[in-house]
Colleague: 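Dumping the structure here so I can ask a few things about it.
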Amino acid sequence: MKASSIWSMAVHGKMFRICNVVGQYRNILLNRHTSSLYQQNAGLKKSVEEKLGLPPKPKKPLTPYFRFMAQIRPAIVQKNPQAKLTDIAKLAGTEWGKADSSVREQLQAEYKREMVDYMAAQVKYNQKLTDEQHEEIKKAKIEIAELKERRLLKKKKKELGKPKRPLSAFLLFMTEKKDERGTQSFKDWQIQMQNEWEKLYEEQKSAYMARSRKLFEEYKREIQIWEEKMIRLGHIDVVRNEALIQPKRQGTSVSQRSRGSEE
DNA sequence: GCACTGTGTAACGATCATCT
DNA sequence: AGATGATCGTTACACAGTGC
C-alpha cells in the first residue's frame, strides 16, 4: 500500500506538470485534472496493472485534442447546460475544427515535451517490474480483450434478434411463483423453491416438463430459421457450429462453406 | 488497426442459487 | 443460458490524435 501511494504521488506530480498550461484556462485545467486523478485513485477506473495489485503505470500525456477539449469543456457546458456527454464531445470536435493553428501548435508542443517525460517514466516503470509481472499483465490484457469480444458478440446476437432459449420446467415453476415471494430474501426463496419443486407430485412436475418441452420444440424451429437467415446474410459468427456443419433439410446447402473462421 | 487519453451517466454485467 | 432481484462494478458512448 505504501509503495503504491508513493507511486501515486509521483504520478500526481507529473500530472501537475502536464497541466501547466498557459492562458486563461490554467486554473480550470489544474482543478479538473486534480479531481480526475482523485477519482481514479478512488478506484473508479482501474488500470490492468492496478487490478493486478501492481503499482499504477505512468499515464500517457493528453493528446493535443484532449487538451483542447479539457480547456473548452467548461465553456461548452455553461452554454449548453443540458447537453449530454456525447453532445459535448461533438461540439468540442466542431470547435477543434475551427481552432486557430497557433493554438494547435502550442498544444502540440506541450504534448511533445510531456511525451519525453512519459517515455522516461515508462522505461523506469517497465524496469521495475519482474518478468513474471510483465507476463501477468500480458495475460490479463489478452483475457480482457477476449471478454470484450464475447460481449460484443453477445450484443450482436441480441441486435440481430436471436431467439431466446426457453425456460426449463423448474424455471417455469419459479417464474409462476415469483409473486408469492413477499419479503423473503432472494437466496432463501430460491432454496424454498427448490424444496417445493422436489415435493411436487410427479403429474405436476410432468405438466411443467411438457410445457418446457413444447417451448423447446418451438425454439428449435425458430433458431434454425434464424440461423439459416444469418448464414445467408453473412453473419456466420453468431451461428452455432452445429448449424454450419449440419446440411440443411432442403434448399441450398451450407456444408460447402469454409469453417476456417470458427474455433 | 486498435488502445489509450478525459468526461458523466445510462445501460449493462456479475453475483448469489436453483434445474434442465 | 434461461428467470428471479438487489446491489455493486464495469463499459459504451462521442470526439481526434498518437504510438505501438
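What's counted below: heavy atoms across the whole structure, side chains too, no hydrogens, waters or symmetry copies. Here is how names work: the chains are called A, B, and so on, in the same order as the sequence lines, proteins then strands, and each is numbered from 1.
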Colleague: Roughly how many Å is it from NZ in K205(A) to C1' in dC19(B), rounded to a whole number?
Modeller: 10 Å
Colleague: Is any side-chain N or O of K154(A) closer than 4.0 Å to OP1 or OP2 of dA1(C)?
Modeller: no
Colleague: I'd like to know if the side chain of E176(A) pairs up with that of Y208(A) as donor and acceptor (distance under 3.5 Å, no hydrogens or angles considered).
Modeller: yes
Colleague: Have a look at Y111(A) and say if it touches a base, only the backbone sugar-phosphate, or nothing, with a 4.0 Å heavy-atom cut-off.
Modeller: sugar-phosphate
Colleague: Looking for any heavy atom pair under 4.0 Å, which part of the strands does R104(A) touch: base, sugar-phosphate only, or nothing?
Modeller: sugar-phosphate
Colleague: Under a 4.5 Å cut-off applied to non-hydrogen side-chain atoms, are F173(A) and K205(A) in contact?
Modeller: no
Colleague: Measure from the side chain of M69(A), starting at C-beta and using heavy atoms only, and say which of dG2(C), dC13(C), dC15(C) lies closest.
Modeller: dC15(C)
Colleague: Both F66(A) and K148(A) contact DNA chain B. Which one's nearest nucleotide lies toward the 5' end?
Modeller: K148(A)
Colleague: If the threshold is 4.0 Å, N to carboxylate O, is there a salt bridge linking K199(A) and E196(A)?
Modeller: no
Colleague: Would you kindly give the CH2-to-C1' distance between W189(A) and dT18(B), to the nearest whole Å?
Modeller: 9 Å
Colleague: To the nearest Å, how far apart are L200(A) CG and dT18(B) P?
Modeller: 17 Å
Colleague: Using the side-chain heavy atoms of K155(A), tell me which of these nucleotides is nearest: dA12(C), dT4(C), dC19(B).
Modeller: dA12(C)
Colleague: With a 4.0 Å cut-off on heavy atoms, is L167(A) in touch with a base, just the backbone sugar-phosphate, or nothing at all?
Modeller: sugar-phosphate
Colleague: Whole angstroms only, please: what is the NZ-C1' distance between K187(A) and dT4(C)?
Modeller: 15 Å
Colleague: Any base atoms under 4.0 Å from K84(A), or only sugar-phosphate, or nothing? Heavy atoms, all strands.
Modeller: nothing
Colleague: Look at the side-chain N and O atoms of K158(A) and state whether any lies under 4.0 Å from the OP1 or OP2 oxygen of dA1(C).
Modeller: no
Colleague: Kindly point out which of dC15(C), dC13(C), dG6(B) is positioned nearest to the side chain of L62(A)?
Modeller: dG6(B)
Colleague: Which heavy-atom pair separates Y111(A) from P61(A) by the least distance, and what is that distance?
Modeller: CE1-O, 3.8 Å
Colleague: Which nucleotide in the list dA12(C), dC15(C), dG6(B) gets nearest to the side chain of R73(A)?
Modeller: dG6(B)
Colleague: Round to a whole Å and report the spacing from NZ of K162(A) to C1' of dA1(C).
Modeller: 9 Å
Colleague: What integer distance in Å separates E49(A):CD from dC4(B):P?
Modeller: 9 Å
Colleague: Quick check on dT18(C): is either OP1 or OP2 less than 4.0 Å from any side-chain nitrogen or oxygen of Q108(A)?
Modeller: yes
Colleague: Decide yes or no for N80(A) and L91(A): does some side-chain heavy atom of the first lie under 4.5 Å from some side-chain heavy atom of the second?
Modeller: yes
Colleague: Which part of the nucleic acid does M174(A) contact within heavy-atom distance under 4.0 Å: base, sugar-phosphate only, or nothing?
Modeller: base
Colleague: Taking only the side-chain heavy atoms of W197(A) (C-beta and beyond), determine which of dT4(C), dT20(B), dA14(C) contains the nearest atom.
Modeller: dT20(B)
Colleague: S168(A) side chain: which of dT20(B), dC15(C), dT4(C) is closest?
Modeller: dT20(B)
Colleague: Between Q194(A) and V48(A), who's closer to the 5' end of DNA chain B by nearest nucleotide?
Modeller: V48(A)
Colleague: Nearest to the K60(A) side chain among dC4(B), dA16(C), dT11(C), which nucleotide is it?
Modeller: dC4(B)
Colleague: Of the nucleotides dT20(B), dA16(C), dG13(B), which has the atom closest to the R151(A) side chain?
Modeller: dG13(B)
Colleague: M119(A) has an atom CE; how far is it from atom C1' of dG19(C), in whole Å?
Modeller: 7 Å
Colleague: Between dG8(B), dG2(C), dC15(C), which nucleotide gets closest to the side-chain atoms of R165(A)?
Modeller: dG2(C)
Colleague: Could you check whether the rings of F216(A) and Y219(A) sit parallel, tilted or perpendicular, using 30° and 60° as the cut-offs?
Modeller: perpendicular
Colleague: Under 4.0 Å: is that the gap between some side-chain N or O of K59(A) and OP1 or OP2 of dG6(B)?
Modeller: yes
Colleague: Check whether any side-chain N or O of R213(A) sits under 4.0 Å from OP1 or OP2 of dT20(B), and answer yes or no.
Modeller: no
Colleague: Indicate the ring-plane relationship of W197(A) and F170(A), choosing parallel, tilted or perpendicular according to the 30° and 60° boundaries.
Modeller: perpendicular
Colleague: Give the nucleotide from the list dG6(B), dC19(B), dA16(C) with an atom nearest to the side chain of F170(A).
Modeller: dC19(B)
Colleague: dA3(C) P sits how many Å from F173(A) CZ, rounded?
Modeller: 18 Å
